[in-house]
Number of protein chains: 2
Amino acid sequence: MPRPRAFDEESVLDNAMNIFWSKGFEATSIQDLVDETGLNRASMYASFGDKKALFLRVLDHYSQKISAQRFADLRNIEDGRAAIEKTFRDTAKTGCAEGRHKGCLMVNSGMELAPHDPETAAIAHQAFRRAEDTFAAALKRAIDQGTISKTKNVRALARFLTGSFQGVQLMSRRGADQETLQDYTDTILAALD
Amino acid sequence: MPRPRAFDEESVLDNAMNIFWSKGFEATSIQDLVDETGLNRASMYASFGDKKALFLRVLDHYSQKISAQRFADLRNIEDGRAAIEKTFRDTAKTGCAEGRHKGCLMVNSGMELAPHDPETAAIAHQAFRRAEDTFAAALKRAIDQGTISKTKNVRALARFLTGSFQGVQLMSRRGADQETLQDYTDTILAALD
DNA sequence: CAAACTTTGGAACGAGTGTTCTATAATTCA
DNA sequence: TGAATTATAGAACACTCGTTCCAAAGTTTG
């Protein structure tokens, strides 16, 4: 019965995500979103609610589409140590390859909003809690496989890797050069020995 | 001849710094600054120029007053390894002690503005380049003193420590609990072995 | 075809933004 | 004391912000 939508929700979220990712929440205006998504203001408010609600949708979209991909290898590669190494190497490579240095939306948003916005804080907290668990699982595999010493504290190491992952994303957003990022990740991975 | 200023420039910068530190550049309004510094709008513009100029002054102020203090031990403690350890332990302790989790203004600002503001990007870049050199100097001392293996790559390790330092600041701004921060820093320091 | 219903385009809103202006107050030097 | 000079207070500015409203357009079902 109703008039059908003229836009694809997924691609609108993609576009909105890229703006928030690049500029951050506060610096992104509704006008920016209208311009970049091609979507009309009224349609935006009708479909997604206000700016904050759209942002939370985008955060979820990012989590499912980008983060999931970033951690796919970490989950799927059977060799635990190789999984961790590939995750960091790929992250570092991507980080200094992209022309616009954007880092990771989840890290960026946590930094920008967490201290004053409990909702975003909770989402970011949960996301990295999950990352920590994923690292822990890979570490356990590696220990079972004998590529990491069983004397290591898995939880502490997982926290270290999670923090370091965010550190790499941070450095790449700040525009770190390839050499620095390489040294950084090499030393992170050497900490597994 | 002129009417003397009714405010102390240093304490105005202190107050302005705390707002920017807590809320970030974009989310801080001129009204916030006026309210918190007690300084009149006109006086603010006359003395510091526009918002961006004030922010750059604040960044410099932070660098001299806060950063310098944070890295004082790293420079001054003769025992290189102890200097590094104390720097990280103190940073982690401060990071989860403060009621309001603010992190490090230089890290925050680099994250928020670097991709779109060359000025801030350059200031942050220089600041952490200096930090890297300070870590490198401490590492060299430690190697000379025999507390760190001379087979280590000093530059790579310095870059790792600089990235990790920012990672700790990031985590503490995101509200990481003490246990996580502790595990994180312990593992960072263990990488020196 | 016509009724029902939703999206669309674009104007409009009030509030808040960063910034500037003007008049007044305060101090010092002649 | 009076002229010169600067800071202060607060109104005012133009603009952008996020948000809402309304009429017109479009599609589907009866």
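By convention in this document, chain letters (A, B, ...) are assigned in the order of the sequence lines, proteins followed by strands, and residues within each chain are numbered from 1.
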Protein-nucleotide distance ([X], atom [atom1]; [N], atom [atom2]), rounded to Å:
| X | N | atom1 | atom2 | result |
| --- | --- | --- | --- | --- |
| B/Ile30 | C/dG16 | CD1 | P | 16 Å |
| A/Phe48 | C/dT7 | CZ | C1' | 13 Å |
| A/Leu54 | D/dT19 | CG | C1' | 14 Å |
| A/Asp50 | D/dG18 | CG | P | 11 Å |
| A/Gln31 | C/dA11 | CD | P | 12 Å |
| B/Lys51 | C/dT20 | NZ | C1' | 17 Å |
| B/Tyr45 | D/dC13 | OH | P | 17 Å |
| A/Leu33 | D/dT16 | CG | C1' | 15 Å |

Along DNA chain D (nearest heavy atom to each residue), the more 5'-positioned of A/Phe25 and A/Ala42: A/Phe25
Whichever of A/Glu26 and A/Asn40 has its nearest DNA chain D nucleotide further upstream toward 5': A/Glu26
Donor-acceptor pair present, A/Arg41 side chain and D/dT19 base, under 3.5 Å: yes
State whether a side-chain donor-acceptor pair under 3.5 Å links [X] with [Y].
| X | Y | answer |
| --- | --- | --- |
| A/Asn40 | A/Ser43 | no |
| A/Thr180 | A/Asp183 | no |
| B/Glu112 | B/Asn108 | no |

Phosphate OP1/OP2 of C/dT8: any A/Ser43 side-chain N/O under 4.0 Å: yes
Pairs flagged by salt bridge (Lys or Arg N to Asp or Glu O under 4.0 Å) wherever residues 24-47 of chain B is involved - sequence neighbours left out: B/Lys23-B/Asp32
